[in-house]
Structure formats: C-alpha cells, structure tokens
Amino acid sequence: MIRFEKFTLDNGLRILVHKDQSTPIVAFNLLYDVGARDEMENQTGFAHLFEHLMFGGSININDFDIPLQEAGGENNAFTSNDLTNYYATLPVQNLETAFWLDSDRMLSLAFSEKSLSVQKNVVIEEFKQRYLNQPYGDVWLLLRPLAYTIHPYKWATIGKEIAHIEGAEMPAVRAFFEKHYGPQNAILCVSGNVELDEVSQLALKYFGPLPAREKYVRSIPSEPKQDGYRELTVKRNVPAHAIYKAFHMCERTHPDYHAADLLSDLLSNGHSSRLQRTLVKEQGVFSEISAFIMGSHDAGLFVVTGKIADGIAVEIANNCIDIELEKIKNELVDDHELQKVKNRLESTQMFNEMTALNKAMNLCYYELLGDAALINCEVEKYNAVNSEQIQRVAKEILQKKNCSTLFYLSKNKV
C-alpha cells in the first residue's frame with residue numbers, strides 16, 4: 001500500500017505527499033489536466049508544443065534546466081491526449097529549487113517570439129522524424145481518424161498536421177496557457193524522504209501566492225457508437241505488410257476497464273499468450289503481434305496489430321486474427337490461464353511502484369482520475385475479474401461492426 005497525505009491550496013492546487021525513507025532522491029511531479037483532447041480541431045498540437053515551451057524559461061529565469069542541474073537534478077516531461085506531466089528528481093536537501101522553478105514558470109512563462117519560433121521548429125522536426133520519415137510512423141495519423149469521427153481523440157498528440165504548428169501565433173499560444181496552466185488545473189506530488197510540514201511550507205511559499213484562474217470546464221462530444229466496419233488500405237516504403245485493428249472500448253474509469261486490460265494480456269502478453277503462441281510460434285503467420293488498450297480517460301481503443309511474415313497473404317493473416325478473436329469470445333478462459341495473466345500484471349504493478357518518481361507520477365494520475373487512493377485498489381480490481389466477465393467484454397468489444405482496420409502494406413512486397 002502506498003501511503004500519502006493530501007491538501008489543497010486556496011488557489012485550487014492539489015498537493016500529495018508520499019514519505020519514502022529508502023531514497024536520498026526526491027521526486028517532484030506536476031501534472032496539468034490538459035492534453036490533445038482539449039485542443040480545437042483547427043489548432044492541434046498545442047498541448048505538445050507547450051511541453052516544449054515550458055522549458056524555454058520564464059520572465060525571471062532565462063533557462064529552466066541550469067538551476068535544476070546545478071542542484072543535482074534532472075527533469076523531463078510528456079504529453080498525451082489526456083494530460084501533460086512535468087517531473088524532476090533531485091537530492092532531497094535541494095527540493096526547494098524544484099518548487100521555485102515550477103511555480104515561477106506557472107506564474108510567468110516567458111512568451112518571446114524567439115522562444116516560440118525555436119520550439120515550433122523543434123516540434124516540426126519531431127513531427128517529420130517520428131511520424132512522416134520513420135517506417136510505420138504515420139499509423140496513428142491514419143488510424144485515429146478512421147476510428148473516431150467527432151471526438152478529439154481522432155488526432156494524435158503531435159497534432160493533425162504540421163501546418164497547425166507552423167501557424168501557431170502568440171495570441172493563441174498565450175490564450176492556451178491562461179486557459180490550462182493555472183494552479184486550479186494542476187496536481188503536484190512530492191515523493192521522497194520528506195515531511196508533510198516541510199512540503200506544506202514550501203507549497204505555501206512558492207505556489208500559495210499564485211492567483212487561481214477561471215476553471216476550464218470541458219465540453220467534449222461523445223463518440224457515437226460505431227455500427228459498421230471501416231477499412232483503409234495504404235502502401236508505404238516499409239519492410240513488411242502490417243495490420244492494425246482498432247475496436248472501441250470503455251473509458252478508463254468504467255467497471256469493465258480492468259477486464260478489457262486482462263483480455264489484451266490474454267491475447268498477447270508473454271510468449272505463451274494466445275496470439276504469440278498460435279500466430280507467431282505455431283503457424284508463423286506473423287513475425288510479431290500484439291494486443292493492447294489505449295487506457296484513455298474517455299472511451300478508448302482496443303488495438304490488435306501485427307507485422308505479417310514473408311510469403312503470407314494479407315487476407316489470410318487478417319482471417320487468422322479473426323479466428324483467434326472468435327475463440328476468446330466463444331470459449332471461457334481457463335482459470336489457470338487467467339490467473340497467470342493476473343500474476344504477471346500484479347508483478348508489473350509492484351515493479352512500477354518501486355521508485356519515488358513512479359509513485360509520484362502514479363499518485364498524480366489517480367488523483368486526476370478522481371482520487372489518489374485508487375492506486376491501492378488496482379490489484380484488487382484486476383483480481384476480481386472472472387472468466388465470465390472476460391467473455392462478456394470480449395463479445396461486446398471484438399465485433400466486426402465495432403472495428404476499424406488499417407492495412408498498412410509494403411510497396412516492396414507482393
């Protein structure tokens with residue numbers, strides 16, 4: 001069990017404190033409740049652009065990294081469709097440096113044309129390298145709008161197109177910051193050998209004076225139920241044919257989420273999982289195959305994807321996937337097979353909670369879901385899933401009319 005304490009400042013900033021005496025390093029994790037789903041469709045990529053802009057310095061501090069490095073710290077950040085997360089680790093005696101730096105950029109980020117131009121170019125290059133010039137890089141630029149018709153999950157975190165980043169102008173960038181980067185939209189967790197009183201004093205000193213901004217209230221359209229099979233075929237200069245099948249599934253807080261997660265593990269987590277054993281080892285239809293869930297806060301996707309082995313027709317490979325999915329829909333999973341998957345998942349959960357940083361990240365994440373205490377209920381929820389629930393969820397999700405398939409074909413293969 002991860003024990004923590006929690007308090008909220010008058011400006012709305014939620015703060016979690018986890019005391020961990022096993023490490024001299026303290027983790028400082030600041031999560032903002034903003035992701036790509038909060039963008040406008042004609043201005044995508046802003047959440048990810050801000051991940052870069054937040055390291056461009058503030059009015060008072062020209063370079064965010066240097067003071068932190070001088071204090072023996074390291075930092076980084078990541079963005080998803082649902083959130084943006086900034087984190088740092090540093091010696092516990094220098095914790096105040098992290099409070100100083102992050103509160104300062106929350107209050108007064110530097111909005112210079114030079115910084116905006118530099119970071120736009122960085123993001124544009126990332127877009128090109130990771131999504132346009134890399135084999136299979138544009139998969140999610142194709143699969144998301146195939147699966148989603150109105151929900152903003154239909155574009156990737158990087159954005160819909162480079163033109164949206166190129167066209168980002170200062171007024172729109174400032175407005176995005178004012179809308180999403182206030183204390184009322186953030187969750188901070190400090191994890192390490194710290195006392196609640198110490199964290200409380202630092203929080204009041206550095207974040208307490210920051211004014212709350214108007215609370216952003218989401219109004220995101222729900223994706224309508226898919227009631228017909230969708231398909232897209234593209235040809236690219238890649239080494240092997242690939243198939244990507246996306247099925248709509250429940251949101252992260254739905255009671256069936258844990259069953260869907262276990263279902264994906266039964267299909268492909270480990271060498272003895274169904275798709276790996278049957279389609280890779282025994283039949284040799286695929287060189288690699290996997291099934292996973294997106295874990296989205298709103299209704300997400302259950303994805304099955306594989307690289308087809310040389311000499312295997314695409315139609316045959318696709319049919320082989322369908323056969324395996326039908327099996328798990330029509331036959332109850334053996335208790336031993338299900339328990340093995342649960343055991344593996346539980347060990348992964350325990351491993352992920354070993355470091356102060358992972359605990360800080362996870363506490364912030366569960367607080368964003370509704371309550372940080374949920375972190376201590378996950379294993380119990382997975383263990384409560386039975387074979388009947390797995391079968392029911394499989395039947396609900398793995399329907400052809402609920403599927404969007406991307407056939408990503410190699411120009412060099414027959």
Side-chain angles (χ1 to χ4, degrees), residues 1-23 25-35 77-89 92 95 98-99 102-103 106 180-204 206-208 210 212 215-216 218 250-255 257-258 261 295-298 300 345-346 348-384:
M1 174 178 286
I2 298 178
R3 302 186 184 279
F4 64 92
E5 296 177 272
K6 172 183 168 182
F7 62 96
T8 304
L9 298 184
D10 290 342
N11 56 22
L13 177 64
R14 286 175 278 173
I15 300 173
L16 307 165
V17 182
H18 167 66
K19 185 175 177 62
D20 182 353
Q21 295 176 293
S22 67
T23 173
I25 299 298
V26 64
F28 181 99
N29 193 83
L30 187 59
L31 181 152
Y32 286 93
D33 184 10
V34 55
F78 61 85
T79 313
S80 74
N81 288 74
D82 297 309
L83 59 88
T84 308
N85 194 76
Y86 301 86
Y87 58 92
T89 55
V92 67
L95 174 60
F99 273 92
D102 255 298
S103 63
M106 183 188 286
H180 299 290
Y181 274 80
Q184 77 292 337
N185 207 43
I187 302 166
L188 169 64
C189 182
V190 178
S191 175
N193 193 10
V194 294
E195 301 295 339
L196 177 63
D197 287 347
E198 176 191 5
V199 175
S200 179
Q201 289 173 17
L202 289 171
L204 287 169
Y206 287 99
F207 285 100
L210 274 59
K215 180 64 177 175
Y216 162 63
R218 284 190 177 87
C250 62
E251 66 273 17
R252 179 61 180 81
T253 54
H254 193 280
Y257 172 85
H258 299 86
D261 196 10
S296 306
H297 286 203
D298 295 337
L345 190 143
E346 184 173 355
T348 301
Q349 288 275 119
M350 292 177 64
F351 181 79
N352 285 339
E353 293 170 358
M354 289 180 66
T355 68
L357 178 57
N358 281 351
K359 283 183 279 192
M361 284 184 178
N362 289 335
L363 283 166
C364 283
Y365 176 72
Y366 283 100
E367 180 66 20
L368 181 64
L369 288 180
D371 185 354
L374 292 169
I375 194 171
N376 294 317
C377 304
E378 283 295 272
V379 171
E380 180 183 336
K381 289 180 179 179
Y382 281 110
N383 283 333

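Atom set for the values below is all heavy atoms of this structure, side chains included, hydrogens, waters and symmetry mates excluded.
Around CZ of Arg3, the count of heavy atoms belonging to other residues, nucleotides or ligands within 6.0 Å does not exceed 12.
Across Tyr382 and Asp261, no two heavy atoms sit closer than the pair OH-OD2, 2.5 Å. Of all heavy-atom pairs between Tyr257 and Glu251, the closest is CB-O, 3.9 Å. Heavy atoms only, all atoms of each residue included: Ala77 and Tyr86 are closest at CB-CD2, 3.5 Å.
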side-chain contact (heavy atoms from CB on, under 4.5 Å) between Val190 and Phe99, intermediate numbers included: CA-CA 10 Å; Val190 178; Phe99 273 92; 3.9 Å; yes

Derivation of the side-chain contact (heavy atoms from CB on, under 4.5 Å) call for Tyr365 and Ile187: CA-CA 9 Å; Tyr365 176 72; Ile187 302 166; over 6 Å; no

From CA spacing to verdict: side-chain contact (heavy atoms from CB on, under 4.5 Å), Leu95, Glu198: CA-CA 10 Å; Leu95 174 60; Glu198 176 191 5; 4.3 Å; yes

Stepwise side-chain contact (heavy atoms from CB on, under 4.5 Å) check, Tyr87 with Asn85: CA-CA 7 Å; Tyr87 58 92; Asn85 194 76; 3.7 Å; yes

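We find the CG-CZ distance between Asn376 and Phe4 to be 7.0 Å, quoted to the nearest 0.5 Å. Residue His297 holds its NE2 atom at 5.5 Å from CG of Leu83, rounded to the nearest 0.5 Å. The CZ atom of Arg252 sits 11.0 Å away from atom CG of Asp82, with the distance rounded to the nearest 0.5 Å. The structure places CD1 of Ile15 at 9.5 Å from CG of Leu202, a figure rounded to the nearest 0.5 Å. Taken to the nearest 0.5 Å, the CG atom of Leu363 stands 9.0 Å off from the CG atom of Asn29. Taken from CZ in Phe78 to OG1 in Thr84, the straight-line distance is 9.0 Å, to the nearest 0.5 Å.
The side-chain heavy atoms of Val379 and Met350, taken from C-beta on, include no pair separated by under 4.5 Å. No side-chain heavy atom of Asn358 sits less than 4.5 Å from a side-chain heavy atom of Phe351. Glu353 has its side chain within reach of Ile375: a pair of non-hydrogen atoms, C-beta onward, lies under 4.5 Å apart. In this structure, the side chains of Met106 and Leu30 come closer than 4.5 Å at one or more pairs of heavy atoms.
Identified under the salt bridge (charged side-chain N to carboxylate O under 4.0 Å, His left out) test for residues 361-371, with sequence neighbours left out: Lys6-Glu367, Arg14-Glu367. Sorted by first then second residue, the side-chain hydrogen bond (donor to acceptor under 3.5 Å, both in side chains) pairs that include residues 184-197, not counting sequence neighbours, are Lys19-Asn193, Lys19-Glu195, Asn185-Lys215.
Between the Asn11 side chain and the Phe207 main chain, a donor and an acceptor come within less than 3.5 Å of each other. For the pair Ser200 (side chain) and Leu196 (backbone), a donor-acceptor distance under 3.5 Å is absent.
Considering Leu369, Asp33, Leu31, Leu188 as possible partners of Cys364, the one that fulfils the side-chain contact (heavy atoms from CB on, under 4.5 Å) test is Leu31.
Taking the six-membered ring where the residue is Trp, Tyr181 and Tyr32 present tilted rings, their angle falling between 30° and 60°.
For the 3.5 Å distance criterion, the side chains of Asp298 and Ser296 fail to qualify, holding no donor opposite an acceptor. Counted by atom type alone, Tyr366 and Glu378 present one or more donor-acceptor pairs between their side chains at under 3.5 Å.
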